[in-house]
Protein chains: 2
Amino acid sequence: MKHIRILLVDDHPVVRAGLRAMLSDFEGVSVAAEAADGDTALKELKRLKALDEAVDVVLMDLQMGAGMDGVTATTRIRLLEEAPQVLILTTYDTDADILAAVEAGACGYMLKDAPPEQIRQAVQAAAAGQTALAPKIAALLMNRVANPAAALTPREIQLLELLATGLSNRAIAKETFISEATVKTHLVHIYEKLGVDNRTAAISVATQRRIIRAPGQ
Amino acid sequence: MKHIRILLVDDHPVVRAGLRAMLSDFEGVSVAAEAADGDTALKELKRLKALDEAVDVVLMDLQMGAGMDGVTATTRIRLLEEAPQVLILTTYDTDADILAAVEAGACGYMLKDAPPEQIRQAVQAAAAGQTALAPKIAALLMNRVANPAAALTPREIQLLELLATGLSNRAIAKETFISEATVKTHLVHIYEKLGVDNRTAAISVATQRRIIRAPGQ
DNA sequence: GGCGGGATCATCCAAACGATTGACCCGGGA
DNA sequence: TCCCGGGTCAATCGTTTGGATGATCCCGCC
């Protein structure tokens, strides 16, 4: 079996050290380089390629403190010539994260609480160009496909975002140039789709499902 | 200098491996054991003590997937005979987390994105019984002392957190075993301190100022 | 051409919320 | 000792929100 060369991308030194230690225990795998953010990751990929030591798999965290975020980085990486596979390894298991990652061209999605053995398998699957999903993630995707009712319209998402900033119905109405009555109608639909019955709960669920960004972020 | 014995508590195998690798590079420090949750941590502490290999410092994550959470675990640990120092090492840097950890008896609070050297220093400070705060955290606390007007009480932060989960006043009252009237009183104070006039705005501002974590996170 | 879904608006009513005022208890510091 | 701040509770009142119902318009699709 071909030797697998890996690039680690995570903003936490601790996590990088952990992955390096973990991966070094596996046969046929080596960590070629590390990066703390997306920009550095791209530079490293180019540098290694120039040295004829191209990377096979990128292990990517989605949540990056500063610099380019994981989804953007994944997109950019997959646009490269002879792009390496990108395997997402993150803490969060929300729908929006996963969908965004898949859209960006990731070939797998694992959670950081996975046991080493699962991570090893995922890396090897990724290197072979196969998809690698954590069991939790697979279940979540199934559930989503089975229940598309929860899809909010763009307009509803827009109002939800304004809602999360703390605006009243009246203020939202002014902001969007519609009547307060219409705002209420939209809110009712939003509540139904999210399975809640008030605005704060809507914000909580929507944030959790990554339908909107966290308030004030 | 005395040799420092450490217990790692984190639900992510990756993070534990990282800390182990990182700490093994330091002189005078060794990882005595690991635990994935609070229960296991307590058992390990007792086991090691029985072997006369008592732990000096517990490195504790606050966010534990299952089992006893970090704050509870910290409380329990600090209640032990000849309790080890507890150093919090987590991803979150919000007031609520920090206050809870300090109340629980933690002697320090570090963030996972800290460079290895900082973690080393923190561990040694902790072992010496000194407090160890990440620069970010220290800044946050300074800001808090400098501007006490905006300082919410622990109780207020607690209600704010419940608020952010989408609970009604009545539900919050039940949850905290106080009357709805008192909940309202607290909310009025919270609104004054945050400079807002409704609950969603309070959540937005509180999230922005890192007084609470983003809803549903 | 009809049908459905999204967006718009309106009215009515009950419940929840926010503002105000006033009060009590307790613990710690001046 | 007294005072103050935090936490607790209550009553009132106006405003906001949420639920229910119904209606119009427009666009894409069968």
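Each chain gets a letter, A, B and so on, in the order its sequence line appears, and its residues count up from 1.
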The side chain of B/Ser168 lies closest to which of these nucleotides: D/dG7, D/dG19, C/dC17?
C/dC17
In this structure, how many angstroms lie between the C1' atom of C/dG5 and the CD atom of A/Glu156, rounded?
11 Å
So does B/Asp61 pair up with B/Lys112, basic N to acidic O under 4.0 Å?
yes
Short side-chain N/O contact from B/Thr182 to OP1 or OP2 of D/dC9, under 4.0 Å
yes
What is the distance, rounded to the nearest whole Å, between atom CD1 of A/Ile178 and atom P of C/dT8?
5 Å
Atom-to-atom span, CG of A/Leu187 to C1' of D/dT17 - whole angstrom:
9 Å
Do the side-chain N and O atoms of A/Thr75 and A/Thr72 include a donor-acceptor pair separated by under 3.5 angstrom?
no
Side-chain N or O of A/Asn169 less than 4.0 angstrom from OP1 or OP2 on D/dT17?
yes
Between B/Leu167 and A/Glu180, whichever has its closest DNA chain C nucleotide further toward 5' is A/Glu180
Does OP1 or OP2 of C/dC9 have a side-chain N or O of A/Ser179 closer than 4.0 Å?
yes
Check whether any side-chain nitrogen or oxygen of B/Thr153 sits under 4.0 Å from OP1 or OP2 of D/dG7, and answer yes or no.
yes
Separation of B/His189 atom NE2 from C/dA19 atom P, in whole Å?
12 Å
Could you tell me how far apart B/Ile157 (CD1) and D/dG6 (P) are, to the nearest whole angstrom?
13 Å
Round to a whole Å and report the spacing from CG of A/Leu194 to P of D/dG18.
13 Å
From the candidates D/dT8, C/dG18, C/dT11, the one with an atom nearest any side-chain atom of A/Ala181 is C/dT11
Distance in angstrom units between B/Asn198 CG and D/dG18 P, rounded
11 Å
Report yes if at least one side-chain N or O of A/Arg155 is closer than 4.0 Å to OP1 or OP2 of C/dT8; otherwise report no.
yes
Starting from P on D/dT15, measure out to NZ on B/Lys184 and report it in whole angstrom.
15 Å
Given the structure, check if the side chain of B/Thr185 and the base of D/dC9 hold any donor-acceptor pair shorter than 3.5 Å.
yes
Is any side-chain heavy atom of B/Ser30 less than 4.5 Å from a side-chain heavy atom of B/Ile6?
no
Would you please confirm or rule out a distance under 4.0 Å between OP1 or OP2 of D/dT8 and any side-chain N or O of B/His186?
yes
Indicate yes or no: at least one non-hydrogen side-chain atom of B/Leu162 is less than 4.5 angstrom from one of B/Thr176.
yes
Using side-chain hydrogen bond (donor to acceptor under 3.5 Å, both in side chains), reason through B/Ser179 and B/Thr182 one step at a time and then give a plain yes or no.
CA-CA 5 Å; B/Ser179 80; B/Thr182 308; 3.1 Å; yes
